[in-house]
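One structure below.
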Amino acid sequence: MTAGTAPTPAQAPAPFTVRFWGVRGSIASPGPDTVRYGGNTACIEVRCGDCHIVFDCGTGIRPLGERLARGGPVDIDLLLTHSHLDHICGLPFFAPAFHPDSRLRFWAGHLPPERPFRTVLSGMMSAPLFPVPVEIFRADCSFRDFAAGETLEPKPGVIVRTAPLNHPDGATGYRVEFGGRSLCVLTDTEHPAQGRDPIILDLLRGADLMIYDSTYTDAEYPARVGWGHSTWQECLRLAEAAGVGRAVIFHHDPARTDAELDVIAAEAEATRPGSLVAREGMELSV
């Protein structure tokens, strides 16, 4: 720096944010006991720089779509953890899918080659299950099936690592890496009876933020072995083992009340300070 020259301020890092639009599993659960944490099923919005990602298309994608529609057409990568109904049933009500200038790319890594995601979606949106077919979408929709374990690059500079999860009919876990920061989304997965899955540990290793299937408590889990879900205590144990920064408890049982989630939040904070319980409207920086 020459004399009399002001130093150049450090460039602020590009934004990398997460917003929760649906935090429940299995079935939407509206009502007075779920007002504060929310009753919509899984939908997570992620923005990294100019890359716009949505994880899962549960009922939470409808209010997300309503907000996005006010801003005109969108360009979004929709990454599906799997295609059980609670994770895709909001898609026919996603307003940007009906905007002719929107571009939507659907990514699915859990399905066999003979059953691509477009075929699954078409089956859901067909009689007698649904009154209109997937062809009603006016947006430019593309369907990109891959095998869990592959690495994706939805936009330059945005790297998405993937891994298979332990869930009936298969599921995919994701790690988004951007600007030297990382976010992991692992929902609808069941932990091993003994130890920890080395593939999952590798995906999580050193992540800044982790969102994890915490449907049950340790006390509830023995009666639900094989159902394909984990516990909030396992979430924190896994985060500790993998050196994760913050852990977010997600995919709440539909019967879990706000009061019960308050108790879990307090116990999680006491167990691993900084841990959070996901709620609709929560926004975090990675």
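Residues take their numbers from the sequence shown, with the count starting at 1. Any value given below was found using the heavy atoms of this structure, including those in side chains, with hydrogens, waters and symmetry copies removed.
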I27, CD1 atom: more than 12 neighbouring heavy atoms under 6.0 Å = no
message = Could you check whether any side-chain N or O of T215 sits under 3.5 Å from a backbone N or O of S230, counting only pairs where one atom can act as donor and the other as acceptor?
response = no
message = If only side-chain N and O atoms count, and only distance matters, is there a donor-acceptor pair under 3.5 Å linking H84 with D188?
response = no
message = Same cluster or not: L79 versus V286, using hydrophobic residues (I, L, V, M, F, W, Y) connected whenever any side-chain heavy atoms lie under 4.5 Å apart?
response = yes
query = Any donor-acceptor pair under 3.5 Å linking the side chain of E153 with the backbone of I159?
reply = no
remark   = When rounded to the nearest 0.5 Å, the distance separating CZ of R279 from CD1 of I249 is 13.5 Å
Backbone N/O of V74 and side chain of S102: donor-acceptor pair under 3.5 Å = yes
key: Atom CZ of R36 with >12 non-hydrogen neighbours under 6.0 angstrom   = yes
Connected via hydrophobic side-chain network under 4.5 Å: L85 and M125 = yes
message = Do the side chains of D75 and K155 get close enough for a salt bridge, i.e. N-O under 4.0 angstrom?
response = yes
request  = Go through the steps for R105 and R144 under the test side-chain contact (heavy atoms from CB on, under 4.5 Å), then give the verdict.
outcome  = CA-CA 7 Å; R105 291 170 297 280; R144 306 184 180 189; 3.2 Å; yes
task = Could you tell me the separation between the CH2 atom of W107 and the CZ atom of F55, rounded to the nearest 0.5 Å?
result = 12.0 Å
task = Using distance alone, with no hydrogens and no angle criterion, decide if T172 and H110 have a side-chain donor and acceptor under 3.5 Å apart.
result = no
message = Using 0.5 Å steps for rounding, measure from the CG atom of L261 to the CG atom of D33.
response = 11.0 Å
key: Stepwise side-chain contact (heavy atoms from CB on, under 4.5 Å) check, D262 with Y37   = CA-CA 9 Å; D262 284 342; Y37 286 89; 2.7 Å; yes
ask   = Does R175 reach the main-chain N or O of R205 with its side chain, forming a donor-acceptor pair under 3.5 Å?
value = yes
ask   = Going by heavy atoms in the side chains, are L78 and C57 under 4.5 Å from each other?
value = yes
ask   = Do T59 and N40 have side-chain N/O donor and acceptor atoms under 3.5 Å apart?
value = yes
R62/E66 ion pair, N-O < 4.0 Å = yes
query = Linking I/L/V/M/F/W/Y whenever any side-chain heavy atoms sit under 4.5 Å apart, do L68 and I53 land together?
reply = no
query = If we only count heavy atoms from C-beta on, is the L64 to V54 side-chain gap below 4.5 Å?
reply = yes
request  = Please report the closest heavy-atom contact between A95 and G65, naming both atoms and the distance.
outcome  = CB-O, 3.7 Å
ask   = Is there a side chain to side chain donor-acceptor pair (under 3.5 Å) between D86 and S26 once you walk through the steps?
value = CA-CA 5 Å; D86 54 319; S26 302; 4.9 Å; no
key: Sole residue of S285, C48, P13 in side-chain contact (heavy atoms from CB on, under 4.5 Å) with R181   = P13
inquiry  = Membership question, hydrophobic clusters at under 4.5 Å side-chain separation (ILVMFWY): are F146 and V176 in the same one?
reply    = yes
task = Quick one: do E234 and R237 satisfy salt bridge (charged side-chain N to carboxylate O under 4.0 Å, His left out)? Show the steps, please.
result = CA-CA 5 Å; E234 183 64 20; R237 290 190 290 263; 3.0 Å; yes
message = Side chains of L121 and F143, heavy atoms from C-beta outward: is any pair under 4.5 Å?
response = yes
ask   = Does R196 CZ have over 12 foreign heavy atoms under 6.0 Å away?
value = yes
query = Among the clusters formed by ILVMFWY side chains lying less than 4.5 Å apart, do L91 and V132 turn up in the same one?
reply = yes
note = Smallest heavy-atom separation, L204 atom then C184 atom, equals CD2-CB, 3.6 Å
inquiry  = Could you check whether any side-chain N or O of R224 sits under 3.5 Å from a backbone N or O of E220, counting only pairs where one atom can act as donor and the other as acceptor?
reply    = yes
request  = May I ask you to test the L186-D213 pair for a side-chain heavy-atom distance under 4.5 Å?
outcome  = no
task = Establish, yes or no, whether a centroid distance under 6.0 Å links the rings of Y221 and H191.
result = yes
ask   = Any donor-acceptor pair under 3.5 Å linking the side chain of D56 with the backbone of C43?
value = no
remark   = For F178 and P15 the tightest heavy-atom approach is CE2-O, 3.8 Å
key: From D145 atom CG to F117 atom CZ, the distance as rounded to the nearest 0.5 Å   = 9.0 Å
task = Assess whether atom CD of Q194 is packed by more than 12 heavy atoms of other residues, nucleotides or ligands within 6.0 Å.
result = no
inquiry  = Would you say that F137 contacts V134 through its side chain, given a criterion of any heavy-atom pair below 4.5 Å between the two side chains?
reply    = yes
Aromatic contact, F250 with Y212 (centres under 6.0 Å) = no
key: Residues R246 and E240 bridged, charged N to O under 4.0 Å   = no
Side-chain heavy atoms of D197 within contact of N166, under 4.5 Å = no
ask   = Is a donor on one side and an acceptor on the other found under 3.5 Å between the side chain of E267 and the backbone of I264?
value = no
note = From the list C141, P116, S142, side-chain contact (heavy atoms from CB on, under 4.5 Å) partner of F106 resolves to C141
ask   = How about H52 and E45: does a side-chain donor come under 3.5 Å of a side-chain acceptor?
value = yes
ask   = Between atom CG of D77 and atom SG of C51, what is the distance when rounded to the nearest 0.5 Å?
value = 5.5 Å
query = Does the side chain of F94 come within less than 4.5 Å of I76's, by heavy atoms?
reply = yes
inquiry  = Which heavy atom of C89 sits nearest to which heavy atom of T41, and what is that distance?
reply    = SG-OG1, 4.4 Å
R24 (side chain) donor-acceptor with D253 (main chain) under 3.5 angstrom = yes
Closest approach of V35 to G31 (non-hydrogen atoms, all atoms of both residues) = CG2-O, 3.3 Å
inquiry  = Is there a side-chain contact between L284 and L276 in this structure, where contact means two heavy atoms from C-beta onward sitting under 4.5 Å apart?
reply    = yes
message = Checking H251 against H87 for the side chain to side chain donor-acceptor pair (under 3.5 Å) test, could you report, in this order, the C-alpha distance in whole Å, the side-chain angles of both residues, the deciding distance, and whether it holds?
response = CA-CA 11 Å; H251 202 269; H87 289 254; 3.3 Å; yes
key: Check: E260 side chain, T257 main-chain N or O, donor-acceptor pair, under 3.5 Å   = yes
Residues L111, V120; criterion side-chain contact (heavy atoms from CB on, under 4.5 Å); working and verdict = CA-CA 9 Å; L111 296 165; V120 172; 3.9 Å; yes
query = Are D202 and R161 within salt-bridge range, i.e. N to O under 4.0 Å?
reply = yes
Minimal non-hydrogen separation, Y174 against L80, with atom names = OH-O, 2.7 Å
request  = Sort out for me which residue in L183, V248, L238 forms a side-chain contact (heavy atoms from CB on, under 4.5 Å) with M210.
outcome  = L238
ask   = How many angstroms lie between NE2 in H82 and OG1 in T189, if you round to the nearest 0.5 Å?
value = 10.5 Å
task = Using modelled atom types only, decide if a donor and an acceptor are shared between the side chain of E177 and the backbone of V160 within a distance under 3.5 Å.
result = no
